[in-house]
Amino acid sequence: MRIGDSWKAGSTNEWIESVNPYYNKPWARIPRGTKEDAEAAVEAAHAAFKGPWAQVSPADRGLLLYRLAELMAENAEYLADLEVRDTGKLRAEMLGNLRYLPRWYQYYGGLADKIEGTVTPIDKPGMFHYTTYEPLGVVTCIVPWNSPLLLTTMKLAALLAAGNTAVIKPSEFASTSLMAFAKLFEEAGFPAGVVNVVTGYGPELGEVLTHHPHVKRIAFTGGDSGGRAVATAAAQTFKRVSLELGGKSPNIVFADANQDAAVKGVVSGIFAATGQSCMAGSRLIIHRSIHDEFVQKLVDFVGTATLGDPNDSETNMGPVSNRPQLERVMAKIEAAKAEGANCIIGGKRGSTEACGDGLFVEPTIFTGVTNDMTIAREEVFGPVLTVIPFDTDEEAIELANDTLYGLAAALWTTSIERAVKMPKKLEAGTIWVNAYRVVSYLAPFGGVKASGVGRENGMEAIKEYLETKSVFLNGNPDVANPFVMG
Ligand code: NDP
């Protein structure tokens, strides 16, 4: 683990095996950090915040972030390799990710010296008033196993540009890419302690990382129960918190849609990253008049997907990232069948020769689904799509919004009227029209309803890591008599 200026095993020297889901075999071991280790990481981050990091000017913070971006690009192959081994993500996808992720550090590096305060036309005679924006202190970044580098970057670039320090807690299923990434901060010239990484089990480390008085903010991405635990802990000491908690996002296809484009959008929405994506478009809501034709096109296209080695450029879908997740996905598929949903493709463990002993699930589509079925309501976080027909635009909106979640939604239409009207009616943090899964460091991302609170990316995100200070200067030579009102 990276704590302050040193690399450490856990204080009890216990280790957790990291399993490569393609081979279904352990390939690395990571330290099982303890509460003492988490405490040391928070102390190191606090010392850096009060000490050397406070001496680095905003412009120089920006230059360090630029340098980090360069190093990330130079180490792309190595970082991709580690994350592929931990998560089973396609190497091609990871390399694409790593070509893009440095942009976050460049963008927020550019913003670091543009955080300007304001002068207020204050209504008090003889007084001058201004605001400044100040960093908060130590920020805990708790990230899940599906996309460690991306989901950390969406937090880290903004919080560092704002002048905070960080303790990162990856999932025990996928820690290695972030441990390797931590090395690059040292190489880029960041003072020791600005970025720390502790590995181990969430509930155990969380007792420190979400309670410690030096922690001023928690940035969390993960599942509902982890998010609830973190928010409850944050409430005890009134820490600021952002939560990105996944979804059950609708992909709505209208009768006037360009069907070939929509088929690709629906497939990338649910089957990219083997469906293990918070923004997965897991509910296809489709106009009844094109249901059969569209579903057939979908099945034909999905039937061409090759499952196999994530390092092979011919592979279209990798394994599920870890065994507990595989079991959750298979249980939800079985429950859907038991509830009466009609499995028209997939529904089983992947068993081709290329799947070997890997943790594969076939791309799965259920028709005959109603929105009250469990498979349409609960996040599967796997390659499982449900198809629900609608008759009117109003019904499409009703079905789309009839979910606990509100992370993303897409609509496919050639009608300009729908394209203008529908986004206003959809309850989601991100709406795509004739597109799916588009993410940018420039565009705010986050959810409404049970998909969470707070936004990452874009200009707004930097404010999430800053405190506004309000300063009144009295230019009057005297102060009014406090016993005389008016
Ligand atoms: P969790 O929410 O449990 O884990 C996310 C992160 O939070 C991990 O680093 C985890 O550590 C940590 N964590 C868990 N509990 C606490 C706690 N009490 N205090 C501090 N940190 C904590 O997700 P899971 O990995 O268990 O996945 C469960 C489900 O969550 C999935 O099936 C999926 O539906 C959803 N999910 C959503 C994601 C998204 O992008 N929105 C990503 C991943 C999962 P540790 O793993 O060590 O417990």
Side-chain angles (χ1 to χ4, degrees), residues 1 10 16 18-19 30-35 37-38 41-42 86-87 89 140-152 154-155 167-175 178 197-212 215 218-236 239 241-249 272-280 282 320-332 361 375 377-384 404-408 429-430 437 439 445-447 450-454 456:
M1 294 178 286
I16 302 170
S18 193
V19 173
I30 56 159
R32 177 181 175 171
T34 60
K35 283 190 249 176
D37 298 317
V42 172
D86 267 348
T87 65
K89 265 171 119 78
T140 297
C141 302
I142 300 178
V143 292
W145 41 262
N146 58 325
S147 264
L149 280 169
L150 168 69
L151 297 172
T152 301
M154 281 166 56
K155 302 164 178 45
V167 179
I168 301 167
K169 208 309 267 163
S171 160
E172 79 273 12
F173 294 112
S175 296
L178 286 173
V197 180
V198 280
T199 56
Y201 296 113
E204 193 175 347
L205 300 176
E207 280 187 38
V208 172
L209 298 180
T210 60
H211 286 86
H212 197 293
V215 172
I218 306 162
F220 176 90
T221 300
D224 299 10
S225 65
R228 202 166 283 116
V230 164
T232 305
Q236 307 313 308
K239 297 186 196 312
V241 64
S242 58
L243 304 167
E244 204 269 84
L245 302 176
K248 197 71 197 171
S249 298
T274 316
Q276 300 166 113
S277 160
C278 51
M279 67 184 87
S282 49
V320 169
S321 289
N322 53 70
R323 182 158 287 283
Q325 189 59 17
L326 174 82
E327 282 160 12
R328 273 194 287 264
V329 173
M330 290 313 298
K332 286 189 192 287
V361 175
I375 196 70
R377 303 207 76 77
E378 292 182 1
E379 186 178 43
V380 176
F381 220 68
V384 181
L404 282 177
Y405 295 102
L407 190 61
T430 295
R437 194 179 276 290
V439 174
F445 184 76
S451 289
V453 288
E456 298 183 316

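Counting convention: from 1, in listed order, for ligands and their atoms alike.
Nearest protein heavy-atom contact of atom 38 (C) of ligand 1 is Phe381 CZ, 3.3 Å. Regarding atom 43 (C) of ligand 1, its nearest protein heavy-atom neighbour is Pro144 CB, 3.3 Å. Nearest protein heavy-atom contact of atom 40 (O) of ligand 1 is Cys278 CB, 3.3 Å. Counting only heavy atoms of the protein, atom 29 (C) of ligand 1 lies nearest to Gly223 CA, 4.2 Å.
Formation of a donor-acceptor pair under 3.5 Å by the Gln236 side chain with backbone atoms of His211 is not found in this model. Here the side chain of Lys89 pairs no donor or acceptor atom with the backbone of Thr274 at under 3.5 angstrom. Using modelled atom types, no side-chain atom of Lys248 and backbone atom of Glu379 make a donor-acceptor pair closer than 3.5 Å. One N or O on the side chain of Asn146 and one on the backbone of Gln276 form a donor-acceptor pair closer than 3.5 Å.
Of the N or O atoms in Arg328, one or more lie within a sub-3.5 Å distance of an N or O in ligand 1. Here's the thing with Glu172: one of its N/O atoms is less than 3.5 angstrom from an N/O atom of ligand 1. Between Gln325 and ligand 1, at least one N/O pair is under 3.5 Å apart. At under 3.5 Å, a nitrogen or oxygen of Gly202, whether backbone or side chain, sits near a nitrogen or oxygen of ligand 1. Backbone and side-chain nitrogen or oxygen atoms of Val143 are examined, and one is located within less than 3.5 angstrom of a nitrogen or oxygen of ligand 1. Some N or O of Lys169 is nearer than 3.5 Å to an N or O of ligand 1, by distance alone.
In this structure, Val384 and Ser282 have side chains that are not in contact, with every pair of non-hydrogen atoms separated by 4.5 Å or more.
Taking a cut-off of under 4.0 Å to the non-hydrogen atoms of Glu244, the atoms of ligand 1 that pass are 41 (N). Shown in contact with Pro203 at under 4.0 Å from a heavy atom are these atoms of ligand 1, numbered in order with element: 15 (N), 16 (C), 17 (C), 18 (N), 48 (O). Which parts of ligand 1 touch Asn146 is read off a 4.0 Å heavy-atom cut-off, strictly below it: atoms 40 (O), 42 (C), 43 (C). Within the listing of ligand 1, atoms 9 (O) sit less than 4.0 angstrom from a heavy atom of Pro170. Annotation for ligand 1: atoms under 4.0 Å from non-hydrogen atoms of Ala229 are 18 (N). Below 4.0 Å from some heavy atom of Gly246 lie the following atoms of ligand 1, by number and element: 41 (N). Heavy-atom contacts of Gly206 reach the following atoms of ligand 1: 19 (N), 20 (C) (cutoff under 4.0 Å). Heavy-atom contacts of Ile142 reach the following atoms of ligand 1: 6 (C), 7 (O), 9 (O), 12 (C), 20 (C), 21 (N) (cutoff under 4.0 Å).
Just one residue in the list Leu151, Leu149, Val143 forms a side-chain contact (heavy atoms from CB on, under 4.5 Å) with Ser147, and that residue is Leu151. For the side-chain contact (heavy atoms from CB on, under 4.5 Å) with Ser321, the qualifying choice from Phe173, Phe381, Trp145 is Trp145, the only one to do so.
Heavy atoms of Trp145 found under 4.0 angstrom from ligand 1 belong exclusively to the side chain. Here Thr221 has heavy atoms under 4.0 Å from ligand 1 in both its backbone and its side chain.
At least one heavy atom of Phe220 sits closer than 4.0 Å to an atom of ligand 1. Residue contacts with ligand 1 include Gly200, since one of its heavy atoms falls under 4.0 Å from the ligand.
Within a 4.0 Å radius of atom 4 (O) of ligand 1, the protein has no heavy atom. Inside a 4.0 Å radius of atom 34 (O) of ligand 1 there is at least one protein heavy atom.
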### Query
What do the steps show when you test Lys155 against Thr221 for side chain to side chain donor-acceptor pair (under 3.5 Å), and what is the final call?
CA-CA 10 Å; Lys155 302 164 178 45; Thr221 300; 2.6 Å; yes
